[in-house]
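What follows is a set of notes on a single structure, which appears directly below.
These numbers were taken from a predicted model, which means no experiment stands behind them.
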Amino acid sequence: MTSLIVSTVAYFIAAFYIKRYLDDSGIPKGLTRTLVILVPALAIAYGAAALVDWAIR
């Protein structure tokens with residue numbers, strides 16, 4: 001349960017900062033930009049969940 005909460009929080013934080021970086025870079029909104037935000041944020045969320053699982057065990 002803890003890993004679910006941590007990964008959800010990590011996803012939204014990562015998505016926020018990636019989106020802000022792309023806004024500052026002037027990259028227009030679209031499907032490609034959405035995927036560029038989704039994939040790294042999802043990878044960070046999975047990594048955070050894995051770290052929590054590893055730390056708990």
Side-chain angles (χ1 to χ4, degrees):
M1 188 67 175
T2 306
S3 63
L4 176 67
I5 295 168
V6 169
S7 66
T8 302
V9 170
Y11 174 81
F12 285 112
I13 291 171
F16 172 77
Y17 281 109
I18 294 168
K19 194 179 302 182
R20 196 170 87 174
Y21 175 76
L22 294 176
D23 282 341
D24 291 343
S25 298
I27 297 175
K29 293 181 179 178
L31 180 63
T32 304
R33 177 185 158 143
T34 303
L35 289 174
V36 167
I37 294 169
L38 176 74
V39 172
L42 192 59
I44 291 169
Y46 272 113
L51 283 174
V52 168
D53 283 342
W54 178 76
I56 289 175
R57 293 177 198 249

Rounding to 0.5 Å, atoms CE (M1) and CG (L4) come to a distance of 6.0 Å

Can you list, pair by pair, the side-chain donor-acceptor contacts under 3.5 Å of residues 44-57, counting residues two or more places apart and other chains?
none

Quiz: residues 24-37 side-chain donor-acceptor pairs under 3.5 angstrom, not counting sequence neighbours:
residue : atom : partner : partner atom : Å
S25     : OG   : Y21     : O            : 3.0
R33     : NH1  : D23     : OD1          : 3.0
R33     : NH1  : I27     : O            : 2.7
R33     : NH2  : D23     : OD1          : 2.5
T34     : OG1  : G30     : O            : 2.8

L38 to Y11 - nearest heavy-atom pair and separation:
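Looking at all heavy atoms of both residues, the shortest contact is CD1-OH, 3.5 Å.
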
Hey, what else clusters with V9 if you join Ile, Leu, Val, Met, Phe, Trp, Tyr whenever side-chain heavy atoms sit under 4.5 Å?
->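 Other cluster members: I13, F16, Y17.
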
